[in-house]
Number of protein chains: 2
Amino acid sequence: MDKQGKEAEDIFVQRCRSSGLRLTPQRLAVYESLSGDKSHPSAEKVFRKVRKMIPNISFDTVNRTLLSFVSCGILKAVESYGRVKRFDPGLGEHHHFQCLKCGKIIDFEYPDFASFRVPETIRRKFVVMGRRIVLTGICDSCR
Amino acid sequence: MDKQGKEAEDIFVQRCRSSGLRLTPQRLAVYESLSGDKSHPSAEKVFRKVRKMIPNISFDTVNRTLLSFVSCGILKAVESYGRVKRFDPGLGEHHHFQCLKCGKIIDFEYPDFASFRVPETIRRKFVVMGRRIVLTGICDSCR
DNA sequence: CTCGGTGCAAAATGTTTGCAAGTAC
DNA sequence: GTACTTGCAAACATTTTGCACCGAG
């Protein structure tokens, strides 16, 4: 593992500790498989990727790991129009375009969104944890 | 039905015709049940509501009706973090706050969003049909 | 050693499909 | 009369749960 990878792993170990999660090979593999992944994979897709590292890992473990990572903030769940839950390592603010036909999600940047302020009516009643512009439509390959 | 309701029904009939959908009592009931509904209901919830008007309607009919309404633009599907598809009569631009615990969706307005321009990189490759700010967090009753 | 995590299997939940009978046009 | 819709049931896909064994701390 390179220096950057080592650093990332340290951060991960740190986060597990502070969330009270034990450090298991399965969790590390799920984490490594997702960090840097921009494809917003489903649990199934993560499972297939992780199985290359740990061939006898079960789907349930992957799925439970993903859900617990979401609960403690290591990953983010992605808004979706389909039937499958999808995940995002979610570093930094970015926005999504999602194809209504194939479900593909494309990230984009929109620096001007920095000036967005959560309306008083929302802020007064709710704890806001995520913010994002979501576009929908039809992607090039589905047209 | 009052005058406004009559007008809404006319629009609905119009839309069905131009989409090649036949006008059935079931479809009209689904449409009426959703128009003006701000709760972003799931198919199951729409089913329960429609069944009060047509007691022997089946869940499948409601679900298929919702899906075909989405295809022809009479309704919109709502982005979601849960496992259930949800629907929105979707008149006019508005934005969503969704509770990550209970899934409740609250609409809000943000007039400044009118100045949002879809980035060139997206516009060049994709057909954009919907645009919205999506906030996530924890609602007052889940805290 | 202890408690949380894993893997397997079963159950639950939600969505989609096939088809005969019914109905809008 | 024809083609689209409906209702029922079965098939599918995906997520969640229960539990005995295992392994990190």
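Below, read A as the first sequence line, B as the second, and so on, with proteins coming before strands; counting in each chain starts at 1. Reckoned from all heavy atoms, side chains included, excluding hydrogens, waters and symmetry mates.
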Checklist entry - Which residues in residues 52-59 of chain A have at least one heavy atom lying under 4.0 Å from any atom of DNA chain C? => result A/N56, A/I57, A/S58

Nearest-angstrom distance from the residue atom [atom1] of [X] to [atom2] of [N]:
{"X": "B/R51", "N": "D/dG7", "atom1": "CZ", "atom2": "P", "result": "12 Å"}
{"X": "B/Y81", "N": "C/dG14", "atom1": "OH", "atom2": "C1'", "result": "20 Å"}
{"X": "A/L28", "N": "C/dG5", "atom1": "CG", "atom2": "C1'", "result": "15 Å"}
{"X": "B/L21", "N": "C/dC25", "atom1": "CG", "atom2": "P", "result": "11 Å"}
{"X": "A/Y31", "N": "C/dG5", "atom1": "OH", "atom2": "C1'", "result": "20 Å"}
{"X": "B/F47", "N": "C/dT13", "atom1": "CZ", "atom2": "P", "result": "16 Å"}

Checklist outcome for this item: Under a 4.0 Å heavy-atom cutoff, the residues of residues 63-77 of chain A touching DNA chain D are A/N63, A/R64, A/L67

Next on the checklist: Taking the axis from the first five pairs and the axis from the last five, what angle separates them in the helix from C/dC1-D/dG25 to C/dC25-D/dG1, rounded to 10 degrees?
Outcome noted: 40°

Item to check | Most 5' of A/R22 and A/E44 on DNA chain D, judged by nearest nucleotide | outcome: A/E44

Any side-chain heavy-atom pair of [X] and [Y] under 4.5 Å:
{"X": "B/D37", "Y": "B/K49", "value": "yes"}
{"X": "A/E32", "Y": "A/F12", "value": "no"}
{"X": "A/K76", "Y": "B/T136", "value": "no"}
{"X": "B/M53", "Y": "B/S33", "value": "yes"}
{"X": "A/D107", "Y": "A/H95", "value": "no"}
{"X": "B/L75", "Y": "B/Y31", "value": "no"}

Under 3.5 Å, side chain of [X] to main-chain N/O of [Y], donor-acceptor pair present?
{"X": "A/R132", "Y": "A/H94", "value": "yes"}
{"X": "B/R86", "Y": "B/G103", "value": "yes"}
{"X": "B/R15", "Y": "B/F69", "value": "no"}

Checklist entry - Has the side chain of B/D60 got a donor or acceptor that lies under 3.5 Å from a partner of the other kind on the base of D/dA10? => result no

Checklist entry - Aromatic rings B/F116 and A/F108: how do their planes relate, parallel, tilted or perpendicular, breaks at 30° and 60°? => result tilted

Ignoring backbone atoms, establish whether [X] has a side-chain N or O less than 4.0 Å from OP1 or OP2 of [N].
{"X": "A/K45", "N": "D/dT14", "value": "no"}
{"X": "A/T24", "N": "C/dT6", "value": "yes"}
{"X": "B/Q26", "N": "C/dT23", "value": "no"}
{"X": "A/T61", "N": "C/dG7", "value": "yes"}
{"X": "B/K85", "N": "C/dT13", "value": "no"}

Item to check | Between OG on residue A/S42 and CZ on residue A/R83, distance to nearest 0.5 Å | outcome: 10.0 Å

Checklist entry - When rounded to the nearest 0.5 angstrom, what is the spacing between OG in B/S68 and CG in B/N63? => result 9.5 Å

